[in-house]
Amino acid sequence: MTLFESIQNPEALKRLSADQLPVLAREIREFLIRSCAETGGHLGPSLGVVELSIALHRVFDSPDDPILFDTGHQAYAHKVLTGRHDFSDLKSEGGLSGYPSRAESEHDFIENSHASTALSYADGMAKANEVQGRTDRTVVAVIGDGALTGGMSWEALNNIAEKKNRRLVVVVNDNGRSYSPTTGGLADHLASLRMAPGYEQALDLAKSTLNRTPVVGQPIYEALHGLKKGLKDTIQPQMMFEDLGLKYLGPIDGHDEQALEKALRRARDFGGPVIVHVLTQKGKGYAPAENHVEDQFHAPGPFDIDTGKSKPGPKVEKWTGVFAETMVELGAEREDIVGITAAMLHPTGLNKFADAYPDRVFDVGIAEQHAATAATGMAMNGLHPVVAVYATFLNRCFDQVLMDAALHRQGVTFCLDRAGVTGNDGASHNGMWDMSILQVVPGLRLAAPRDATRLRTLLREAVAVEDAPTVVRYPKGAVAEELPEIGKVGSMDLLRRATDGGHSKDLLIVGVGTMAQVACEVADRMADQGIGVTVIDPLWVKPLDEALVAEAAAHSVVAVVEDNGRTGAVGDAVARLLRDHEVDVPVRTFGIEQEFLDHAKRDQILQQQGLTPQELSRKLTETVSRRGEGAGATRELADETA
């Protein structure tokens with residue numbers, strides 16, 4: 001049995017000798033590389049914290065001492081050390097989550113993979129320990145330097161520093177990157193530490209001094225204080241944290257497990273809030289990851305272990321690529337267009353715009369709130385900013401969209417990548433909220449393209465709006481098949497028209513975004529049964545074109561199909577529009593149930609939610625049939641849910 005196989009819980013880890021730990025670290029890395037080569041996953045971040053994860057579980061007593069990861073990208077070694085050795089179905093239905101998961105293990109406390117949140121969780125848990133008299137427990141938060149660019153982190157640090165005897169250890173995993181290299185003033189400050197002349201000598205001196213310091217509370221920090229002041233002309237990372245009133249320990253070599261253990265024990269025994277600054281290398285131990293310029297294998301798909309090259313797959317056009325190409329074209333046509341990203345330059349496709357117009361892209365770090373309000377300021381001063389962000393991350397800046405961009409009627413365009421069901425990344429990454437929360441924003445316009453042509457057209461229309469915020473949403477992955485219109489209903493695209501005669505006006509389906517393709521398949525199936533179905537794609541789902549009212553009135557039943565949460569989304573907006581015009585036609589809404597979805601492939605989730613052509617055809621055929629049995633009885637369908 002290998003050391004790796006013998007570790008089923010942190011207690012087993014604590015029984016290993018110091019000489020065994022480098023072997024265990026190597027075995028964990030080999031396991032993670034083999035596993036992610038088959039399934040894909042967040043490999044680079046997890047390779048960088050193997051020694052740190054070992055040290056954390058040897059020093060602290062999880063789950064009594066909760067260990068919180070910000071974000072969960074770095075948690076694979078933690079999963080292994082807490083007994084989860086089957087990565088064969090990582091991020092697949094029924095397999096391990098790609099992030100910490102409360103359903104998987106008592107050692108996982110937070111599974112929200114949105115960054116910059118762990119310090120707030122930790123502050124709350126430490127306060128709970130204090131109130132309940134649990135003075136022997138320590139809360140540990142592991143936060144990447146990239147996540148420290150988020151405003152929530154600094155709000156939390158301000159509160160953490162408030163109480164000097166509250167047991168809380170903050171481990172700053174400093175690798176100079178979030179997804180891509182970390183940007184901003186904090187990044188510059190930490191980079192100056194890593195690059196400072198004499199840094200290696202200072203690090204050696206710090207380590208040797210710590211090794212000679214007795215493990216007895218306050219005297220440790222008096223010694224550290226003297227050491228740091230003596231080095232202040234060379235490196236001053238502690239000043240940033242000590243100005244907040246937080247004790248600082250470091251920098252520590254994040255790949256020296258013994259040095260990490262010593263530092264973490266001292267931080268634990270201090271009995272109050274401590275910052276432990278750890279320097280790591282993302283992708284450590286796997287050359288292709290270490291040398292990968294873009295993101296050091298942050299989240300690769302399946303790859304060849306020997307070369308690190310992605311395993312061949314079908315060459316398909318991606319939604320993100322269409323956005324990227326269109327932005328470059330728009331940038332050439334209009335010098336006022338600028339791009340903004342919240343630490344996601346490459347994932348959102350803005351890197352191509354940055355390559356073409358490097359002075360017109362701004363990476364604000366993991367700070368979506370700041371991105372939205374800064375964009376509003378740019379619009380006020382003559383620019384048209386395009387904020388590229390994952391759909392699920394727009395939730396974080398809703399107030400700024402509402403009270404800054406919309407209230408001031410500024411032309412800011414938000415482009416929402418990964419809208420709808422993203423699947424394998426789990427509940428926190430499904431972009432299933434935006435079409436609900438944005439419905440309440442006055443003046444805002446929201447577009448949902450169904451294919452590449454519509455994305456190019458709608459993005460151009462969006463950036464032409466200068467007196468209100470606009471939003472364009474599109475999913476992850478391969479672009480849907482081109483679906484041309486056969487006519488127009490007002491500004492909306494007509495995709496299917498019921499044939500004359502028979503049940504020509506049985507059903508009107510409003511297909512939203514990529515679900516328009518599904519709606520057309522439903523119409524074709526139902527037409528084979530003699531049911532007349534019309535399909536329209538509104539393109540702009542907020543505000544809805546009032547031409548929809550007359551079209552709906554001419555049909556017996558209206559159905560709305562969307563890949564957003566059903567509550568308050570496009571289906572509800574269609575029903576409200578018809579009520580406002582006193583059109584008494586039943587409206588059925590088909591979307592995602594308002595719940596947090598387990599990780600699985602997009603197609604699997606859509607099937608679970610009944611959003612397949614087969615299931616929708618069955619339900620709508622029953623609806624039309626009941627409607628035909630008696631108009632009076634079927635009027636009750638107006639409030640029926642899917």
Side-chain angles (χ1 to χ4, degrees), residues 420-421 448 450-451 480-489 492-538 547-564 566 569-572 574-575 578 583-593 602-642:
V421 174
R450 66 179 180 271
D451 55 30
E481 181 181 347
E482 194 79 8
L483 184 57
E485 75 271 21
I486 61 173
K488 285 286 187 179
V489 177
M492 301 176 291
D493 281 355
L494 178 65
L495 304 178
R496 294 287 188 275
R497 172 63 81 187
T499 57
D500 293 333
H503 302 288
S504 60
K505 302 280 186 170
D506 289 325
L507 175 64
L508 169 66
I509 303 180
V510 179
V512 177
T514 55
M515 300 307 289
Q517 179 69 55
V518 175
C520 288
E521 293 181 39
V522 171
D524 296 341
R525 284 171 174 265
M526 295 180 71
D528 292 340
Q529 302 177 52
I531 300 173
V533 183
T534 298
V535 178
I536 59 172
D537 174 3
L548 178 61
V549 175
E551 191 67 33
H555 289 76
S556 297
V557 178
V558 174
V560 181
V561 183
E562 56 189 310
D563 60 348
N564 192 86
R566 291 177 60 240
V570 181
D572 284 357
V574 169
L578 299 185
V583 173
D584 190 17
V585 176
V587 178
R588 292 203 64 177
T589 60
F590 296 89
I592 302 168
E593 290 301 323
R602 173 182 166 88
D603 290 346
Q604 291 172 321
I605 291 177
L606 293 179
Q607 184 172 14
Q608 293 166 9
Q609 295 292 314
L611 297 176
T612 62
Q614 299 93 326
E615 185 65 12
L616 290 169
S617 298
R618 182 186 66 79
K619 290 180 177 179
L620 287 171
T621 297
E622 292 174 356
T623 297
V624 171
S625 176
R626 290 198 303 270
R627 180 68 175 170
E629 292 172 0
T634 56
R635 289 197 187 280
E636 295 175 2
L637 291 169
D639 295 323
E640 183 180 353
T641 62

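We number each residue from 1, following the sequence as shown.
The two residues Val535 and Cys520 come nearest to each other via the heavy atoms CG1-SG, 4.1 Å. Across every non-hydrogen atom of Ala519 and Ile509, the tightest pair is CB-CG2, 3.6 Å. Arg627 approaches Ser556 most closely through the heavy-atom pair NE-O, 3.4 Å. Heavy atoms only, all atoms of each residue included: Gly511 and Pro538 are closest at O-CD, 3.5 Å.
Screening Ile531, Leu507, Val561 for a side chain to side chain contact (heavy atoms under 4.5 Å, CB included) involving Leu620 leaves a single residue, Leu507.
Within the 4.5 Å cutoff, side-chain heavy atoms of Ile592 are placed close to those of Leu611. Residues Glu551 and Met492 are not in side-chain contact: their nearest non-hydrogen atoms beyond the backbone lie 4.5 Å or more apart. Side-chain contact check for Val624 versus Met526: some heavy-atom pair is nearer than 4.5 Å. Between Met515 and Phe590, the closest side-chain pair of non-hydrogen atoms is not below 4.5 Å. Annotation: side chain of Arg497 is in contact with side chain of Val489 (closest heavy-atom distance under 4.5 Å). Residues Arg588 and Val560 fail the side-chain proximity criterion, which asks for heavy atoms closer than 4.5 Å. In this structure the side chain of Asn564 never reaches within 4.5 angstrom of the side chain of Val570, judged on heavy atoms.
Gln607 is linked by a side chain to side chain donor-acceptor pair (under 3.5 Å) to nothing, counting only residues two or more places apart in sequence or in another chain. Residues forming a side chain to side chain donor-acceptor pair (under 3.5 Å) with Glu615 (at least two apart in sequence, or on another chain): Arg618.
Formation of a donor-acceptor pair under 3.5 Å by the Thr621 side chain with backbone atoms of Ser617 is found in this model. Using a distance-only test at 3.5 Å, with no hydrogens or angles considered, no donor-acceptor pair links the side chain of Gln517 to the main chain of Leu483. Of the possible donor and acceptor atoms, one in the side chain of Arg602 sits under 3.5 Å from a partner among the backbone N and O of Val421. Although no hydrogens or angles enter the test, the distance criterion places a donor-acceptor pair under 3.5 Å between the side chain of Gln609 and the main chain of Glu593.
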Check step by step if side-chain contact (heavy atoms from CB on, under 4.5 Å) holds for Asp563 and Thr514. CA-CA 8 Å; Asp563 60 348; Thr514 55; 3.8 Å; yes

Under the criterion side-chain contact (heavy atoms from CB on, under 4.5 Å), I'd like the reasoning laid out for Leu508 against Leu548: C-alpha separation, chi angles, the key distance, then a yes or no. CA-CA 10 Å; Leu508 169 66; Leu548 178 61; 4.0 Å; yes

Could you go step by step and tell me if Asp506 and His555 meet the side-chain contact (heavy atoms from CB on, under 4.5 Å) rule? CA-CA 6 Å; Asp506 289 325; His555 289 76; over 6 Å; no

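Counting heavy-atom neighbours within 6.0 Å of Glu622 CD, excluding the residue itself, gives a total above 12.
The salt bridge (Lys or Arg N to Asp or Glu O under 4.0 Å) pairs that include a residue from residues 515-538 are Arg450-Asp537, Arg496-Asp524, where partners are two or more places apart or lie in different chains.
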